[in-house]
Amino acid sequence: MNEVNENDIGKLLRLKRHEQPPPGYFENFLHEFHRRQRDELLRQPLWRICLERAHTFMLQLDRTPGREY
C-alpha cells in the first residue's frame, strides 16, 4: 500500500476545501435520512420490531425514578 505523507494530506485537504454538496443537499438531508431509517426498519420481521420495543419499554420501566424496593 502507498504511504501517505503530510504533503499529500495537505494537498488533498486544500483540494477538498473548495468542494460543495449539490444544491438542495441540506434541505433534503433530514427527509432522506428518515426515509432510509424507515426502509431499514421495514426489512426486519414484525416480531423482532415488537420484541425490541417491548424490551426497551421494560428497561425504561425498570429505571423509573422513585421505584425503591
Side-chain angles (χ1 to χ4, degrees):
M1 191 175 265
N2 295 339
E3 273 196 40
V4 180
N5 62 30
E6 289 185 27
N7 282 340
D8 292 337
I9 294 173
K11 287 178 188 176
L12 182 61
L13 288 174
R14 283 191 294 279
L15 177 67
K16 293 290 187 181
R17 181 179 303 148
H18 301 290
E19 287 187 2
Q20 292 183 0
Y25 175 82
F26 292 107
E27 290 82 16
N28 196 28
F29 179 80
L30 186 59
H31 173 72
E32 185 66 20
F33 178 76
H34 286 155
R35 185 191 64 77
R36 289 181 184 192
Q37 276 187 323
R38 272 192 308 276
D39 289 348
E40 183 65 30
L41 182 66
L42 292 175
R43 287 186 197 134
Q44 297 180 21
L46 180 59
W47 66 267
R48 181 171 292 154
I49 296 169
C50 292
L51 185 63
E52 287 175 2
R53 290 188 179 183
H55 181 255
T56 302
F57 177 73
M58 296 302 279
L59 286 175
Q60 288 176 347
L61 282 180
D62 192 40
R63 296 181 189 153
T64 303
R67 284 190 59 204
E68 289 93 21
Y69 290 97

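Note: hydrogens, waters and symmetry copies are ignored here, and every other heavy atom, side chains too, is used. Source: prediction; values computed, not measured.
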**Student:** Does the distance from a Lys or Arg side-chain N to an Asp or Glu carboxylate O, for Asp39 and Arg43, drop under 4.0 Å?
**Tutor:**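 Salt bridge: no.
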**Student:** Could you check whether the rings of Phe29 and Tyr25 sit parallel, tilted or perpendicular, using 30° and 60° as the cut-offs?
**Tutor:**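 Answer is tilted, since the angle falls between 30° and 60°.
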**Student:** Which atoms form the tightest heavy-atom contact between Asn5 and Asp8, and what is the distance?
**Tutor:**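 Result for this residue pair: OD1-N, 2.8 Å.
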**Student:** Do Leu59 and Thr56 come close enough that some side-chain heavy atom pair is under 4.5 Å?
**Tutor:**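 No - every pair of side-chain heavy atoms lies 4.5 Å or more apart.
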**Student:** So, Glu32 and Arg36, do they make that salt bridge, N to O below 4.0 Å?
**Tutor:**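 Yes.
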**Student:** Taking all heavy atoms of Leu41 and all of Ile49, pick out the closest pair and write down the distance.
**Tutor:**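 Of all heavy-atom pairs spanning Leu41 and Ile49, the closest is O-CD1, 3.4 Å.
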**Student:** How long is the straight-line distance from CH2 of Trp47 back to CD of Glu52, given to the nearest 0.5 Å?
**Tutor:**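 Here the interatomic distance stands at 9.0 Å.
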**Student:** Taking C-beta and beyond as the side chain, do Leu13 and Lys16 meet within less than 4.5 Å on heavy atoms?
**Tutor:**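 No, too far: nothing below the 4.5 Å cut-off.
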**Student:** So, taking the atom named CG in Leu51 and the one named NE2 in His55, what distance separates them when rounded to the nearest 0.5 Å?
**Tutor:**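 Result: 8.0 Å between the selected atoms.
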